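Keep in mind that what you see is a predicted model, and the values were worked out from it rather than measured. The figures here come from the full heavy-atom set of this structure, side chains too, leaving out hydrogens, waters and symmetry mates. In the text below, chain A, chain B and the rest are named by the order of the sequence lines, each starting its count at 1.
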Amino acid sequence: MPELPEVETVRQGLAKWVAGRTIATVEVHHPRAIRRHLPGDAHFIAMLQGRTVVDVARRGKYLWLPLDSGDAIVGHLGMSGQLLMQPAEAEDEKHLRIRFTFTDGGPQLRFVDQRTFGGLAVSDGGAELPDEIAHIARDPMDELFDDDAFVARLRGKHTEVKRALLDQTLISGVGNIYADEALWRARLHGARPTDALTGPAARRLLAHVREVLGEAIVAGGTSFDELYVNVNGESGYFDRSLNAYGREGEPCHRCGTPIRREQFMNRSSFSCPRCQPRPRTH
DNA sequence: CGCGCCTCCTGTGTGC
DNA sequence: TGCACACAGGAGGCGC
């Protein structure tokens, strides 16, 4: 499930393989793959053909490819999206949605997406920061992320701490897996109310978020199945380092208590019953 | 306006 | 063996 470390791994691969190359052709194989782009496929294609990719940028779980035109390709992988570099002769993937070829005749860029929660769009004049991403907060790996402002906003919210970590307008890039991992490291239950967190506790949590994201980037991300791979089709190996996510019934790596699984926000949450006691409810 | 629930989508695994 | 259903979950939209 692509979160910040997986998207950053893809970004690095794309930067290496497509920066500086000029787009020759674009094929759209599925209508849902083009997101929020009202003018349609023809316009999407026309704005991209003949353009040179200048760079590959990321904020949170969003990627964008600034073009020499000043526009940008904006992408989100959703649940199952992949951006793959493939030789022209490679067989089409079952869920191939968009294909880019380049004027140098080298490897193609393919957007492949089983569940079609992901998609690409063209952002008019979005090379610097696409409008489509303007509402997304900076992520904690961004050197301009404001720790003080984050702590103040977090503590000012009237919600549960895991909900806040998943709020991409507060802090971006954290999804279900890394939220659970950061909460485990911080010894906090996800249902803890944000307005009851002390400043130091909020700062410790942020430090743990940053630490787990950093370690996962080094590992190339977390792959449970074939749905997340880098641009060369390779899996990340951070799943070996997980302490909470997906470990229901297995011993906590700190205290040995079996990890519990709870339903939260219509999805699974994993935590240690002993290290992360549930807050008292009133 | 803040908060939280619902929905989109498809392949895989499980239980009867 | 086959069918029904739960599950995976990011994020936009909408209702309270």
Nearest-Å distance for atom pair CE/P, residues A:M265 and B:dC5: 8 Å
Taking only side-chain nitrogens and oxygens of A:K157, does any of them come within less than 4.0 Å of OP1 or OP2 of B:dG2? no
Determine, for A:D104 against A:R21, whether the closest basic-nitrogen to carboxylate-oxygen distance falls under 4.0 angstrom. yes
Under 4.0 angstrom between A:H30 side-chain N/O and B:dC9 OP1 or OP2: no
Nucleotide of C:dA8, B:dC9, B:dC3 approaching A:T116 most closely (side-chain heavy atoms): B:dC9
Could you give the CZ-to-P distance, from A:R115 to C:dC7, as a whole number of Å? 14 Å
On the side chain of A:R267, is there an atom forming a donor-acceptor pair with the base of C:dA8 - under 3.5 Å, no angle test? no
Indicate whether OP1 or OP2 belonging to B:dG11 is found under 4.0 Å from a side-chain N or O atom of A:Q114. no
Ignoring backbone atoms, test whether A:R261 places a side-chain nitrogen or oxygen under 4.0 Å from the OP1 or OP2 oxygen of C:dA8. yes
Would you indicate whether the side-chain heavy atoms of A:E262 and A:F270 approach each other to under 4.5 Å? no
How many whole angstroms separate atom CZ of A:R97 from atom C1' of B:dT10? 9 Å
Could you say whether A:R32 or A:H95 is positioned toward the 5' end of DNA chain B, judged by the nucleotide with the nearest heavy atom to each? A:R32
Whole Å only: how far is the OH atom of A:Y178 from the P atom of C:dG10? 11 Å
Considering only heavy side-chain atoms of A:H135, the closest of B:dG4, C:dA11, C:dG12 is C:dG12
Salt-bridge criterion met for A:R260 and A:E248 (N-O under 4.0 Å): no
Rounded to whole Å, how long is the line connecting atom CZ of A:F111 with atom C1' of B:dC9? 13 Å
Whole angstrom is fine here: how far is it from CZ in A:R153 over to C1' in B:dC3? 13 Å
Do A:E3 and A:K61 sit within salt-bridge range, that is, some charged N less than 4.0 Å from a carboxylate O? no
Can you measure A:K94 atom NZ to B:dT10 atom C1' for me and round it to whole angstrom units? 9 Å
Should A:H76 be listed as having a side-chain N or O under 4.0 Å from OP1 or OP2 of C:dG12? no
Plane angle bin for A:W184 and A:H253 - parallel if under 30°, tilted between 30 and 60°, otherwise perpendicular: perpendicular
Mind calculating the distance between CG (A:N176) and C1' (C:dA8) to the nearest angstrom? 10 Å
If you look at every strand shown and take non-hydrogen atoms under 4.0 Å, does A:S268 touch a base, only sugar-phosphate, or nothing? sugar-phosphate
It should be established whether A:Y62 places a side-chain nitrogen or oxygen under 4.0 Å from OP1 or OP2 of nucleotide C:dG12. yes
